[in-house]
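Below: the structure, in structure tokens.
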Amino acid sequence: MVAAAVSALALVLLAGCGGSGTRTPALPPDLTGVLTGQVDCGDSGFVTVRQHNYDYTGDGVPDALVAVRCDVGAGSPPSAVFAVVAAAKGPQVAGELLTLDADEVVSDLSGSGPTAVVTTFAYSSDAARCCPDLQATHTYHWTGTAFDAGTRTATPLPSTAPGDG
């Protein structure tokens, strides 16, 4: 009788552990499955080029910024950047920060607190498609439900043309 009472008490106590039972799991290392269908690469598919995990939602569980590009084999195709939030029902896309249409190539992702920073190589209107001539920095802020539209600053890259100083 005492053993049964102790067992019942232990079950009650264990059932209460973990709050509501909707613990948010950590993100899996590979988020390809979550991003399938987010970019149109035709028959070529896409690859992840950068991923930065940090807690931008402030819930104590790391979320992720993920840069992807179409897998075309050669060259430097443009990148898209997605915010992926860790959620109780599994990873969810919280938004697209940078689109393929921006025609920029991601070189770095970083963030701290509610701020996300995407650094890219970009093209001025005079640049040849082979040779980005700008470094762009996009800064976004988490509003509590999504990232804002962000700001973009661009600076010229040093010239490497023959005869340039």
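Bear in mind that the values here come from a model prediction, so they are computed numbers and not experimental data.
Between the side chain of S79 and the main chain of V106, a donor-acceptor pair closer than 3.5 Å is present. Side chain of N53 to backbone of P62: no donor-acceptor contact under 3.5 angstrom is found. Between the side chain of Y140 and the backbone N or O of L97 there is at least one donor-acceptor pair closer than 3.5 Å.
Side chains of L109 and V81 form a contact here, defined as non-hydrogen atoms less than 4.5 Å apart. The side-chain heavy atoms of V39 and F82, taken from C-beta on, include a pair separated by under 4.5 Å. Residues Q38 and V93 form a side-chain contact, since some pair of their non-hydrogen atoms from C-beta on lies under 4.5 Å apart. For the pair V34 and V66, the minimum side-chain heavy-atom distance is 4.5 Å or more.
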> Given the rule in the side chain to side chain contact (heavy atoms under 4.5 Å, CB included) test, do V68 and L35 qualify, once you have shown the distances and angles that lead to the verdict?
Replying inline: CA-CA 9 Å; V68 299; L35 297 174; 3.8 Å; yes

>> Run Q51 and L31 through side chain to side chain contact (heavy atoms under 4.5 Å, CB included) and show every step you take.
In response: CA-CA 9 Å; Q51 181 171 322; L31 294 170; 3.7 Å; yes

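Of the residues D108, L98, T137, V105, the one that meets the side chain to side chain contact (heavy atoms under 4.5 Å, CB included) test with T120 is L98.
Each salt bridge (Lys or Arg N to Asp or Glu O under 4.0 Å) pair with one or both residues in residues 80-104, not counting sequence neighbours, appears once here: D103-R129, E104-R152. Sorted by first and then second residue, the salt bridge (Lys or Arg N to Asp or Glu O under 4.0 Å) pairs with a member in residues 56-85 form an empty list; sequence neighbours excluded. Within the structure, every pair that satisfies the ring-ring contact (aromatic ring centres under 6.0 Å, His included) test and touches residues 26-68, not counting sequence neighbours, is listed here: H52-Y54, Y54-Y56, Y56-W142, Y56-F147.
Between A26 and V61, the shortest heavy-atom contact is CA-CG1, 4.4 Å. A pairwise comparison of heavy atoms in L100 and P78 identifies CD2-O, 3.3 Å as the closest pair. Counting all heavy atoms, side chain and backbone alike, C70 lies closest to S44 at CB-OG, 4.1 Å.
In summary, the side chains of T143 and D148 do not present any donor paired with an acceptor at a separation below 3.5 Å, with no hydrogens or angles considered. Using a 3.5 Å distance cut-off with no hydrogens or angles, the side chains of T57 and D55 do pair a donor with an acceptor. Checking S124 against D126 by side-chain atom types alone, no donor-acceptor pair falls below 3.5 Å.
Rounded to the nearest 0.5 angstrom, L134 CG and Y123 OH are separated by 10.5 Å.
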